[in-house]
Amino acid sequence: GGTAAADAWRTAGGIPLLAATIVLSDQNSKNKELHDSLAELVNDKISPQAIAEQWSKADTAAALAWLMRELHGEIRQRLGAADSTPVTDRDGATLHNPLRKMTLRVLFEQYDKAEKLAAQAGSGVNLELSLQALFGGLVAMDKGRL
């Protein structure tokens, strides 16, 4: 459907072959699950420990790649798209975009942390504990606790 194609295009960052792969695979539903879990985290409906456990038992590399794309997309949208508003950008509303409430500084810091964690995956690092720290930082920074 059109919504699935639009979601795949946004997730792929406008890369046509990646968008086609996402549409043809089950990746859209997995991305929706990741989005929903991130929204629950930011809205205090799930703990950083619970989401870290979920992500560490699944395809963590794919989940971190998704998170980095989401953070990167939010950063790009804020820095470059002066004509894009919550009305013209379907992910612009806080209700649908859990990253909307975060400051630009927080988005950059979390992107950096996610990128470092993705690079360390498979090197003996305690993945679940590292994810807990990442998600704990997301929640704390979002709430202004740090």
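- Tracing side-chain contacts under 4.5 Å through hydrophobic residues (I, L, V, M, F, W, Y), one reaches Leu67 starting from Leu104; they form part of the same cluster.
- Of the options Leu107, Val42, Ile75, a side-chain contact (heavy atoms from CB on, under 4.5 Å) to Leu99 is made by Leu107 and by none of the others.
- Closest of all the heavy-atom pairs between Leu117 and Ser130 is CD1-CB, 3.3 Å.
- Closest approach of Gly136 to Pro48, counting heavy atoms only: N-CB, 3.7 Å.
- Using a distance-only test at 3.5 Å, with no hydrogens or angles considered, a donor-acceptor pair links the side chain of Gln110 to the main chain of Leu134.
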> Where do Lys57 and Glu53 land on the salt bridge (charged side-chain N to carboxylate O under 4.0 Å, His left out) test, with the steps shown first?
Replying inline: CA-CA 6 Å; Lys57 290 180 180 176; Glu53 184 179 341; 2.9 Å; yes

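- In this structure the side chain of Arg69 never reaches within 4.5 angstrom of the side chain of Leu71, judged on heavy atoms.
- Between Glu109 and Lys113, no side-chain nitrogen of the basic residue sits less than 4.0 Å from a carboxylate oxygen of the acidic one, so the salt-bridge criterion is not met.
- In terms of heavy atoms, Ser56 sits closest to Leu131 at N-CD1, 3.8 Å.
- A distance-only check finds a donor-acceptor pair linking the side chain of Asn43 to the backbone of Ala39 [under 3.5 Å].
- Here the closest non-hydrogen pair linking Gln54 and Ser37 is OE1-CB, 4.1 Å.
- The hydrophobic cluster containing Leu127 does not contain Leu129, counting ILVMFWY residues as joined when their side-chain heavy atoms lie under 4.5 angstrom apart, directly or transitively.
- Using cut-offs of 30° and 60° for the angle between ring planes, the Trp55 and Phe135 rings count as perpendicular.
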>> Does His35 form a side chain to side chain contact (heavy atoms under 4.5 Å, CB included) with Trp66? I'd like the steps, not just the answer.
In response: CA-CA 9 Å; His35 180 273; Trp66 172 85; 3.7 Å; yes

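- Checked by atom type and distance alone, the side chain of Arg78 pairs as donor or acceptor with a backbone atom of Arg100 at under 3.5 Å.
- Exactly one residue among Arg76, Met68, Glu74 makes a side-chain contact (heavy atoms from CB on, under 4.5 Å) with His72. That residue is Arg76.
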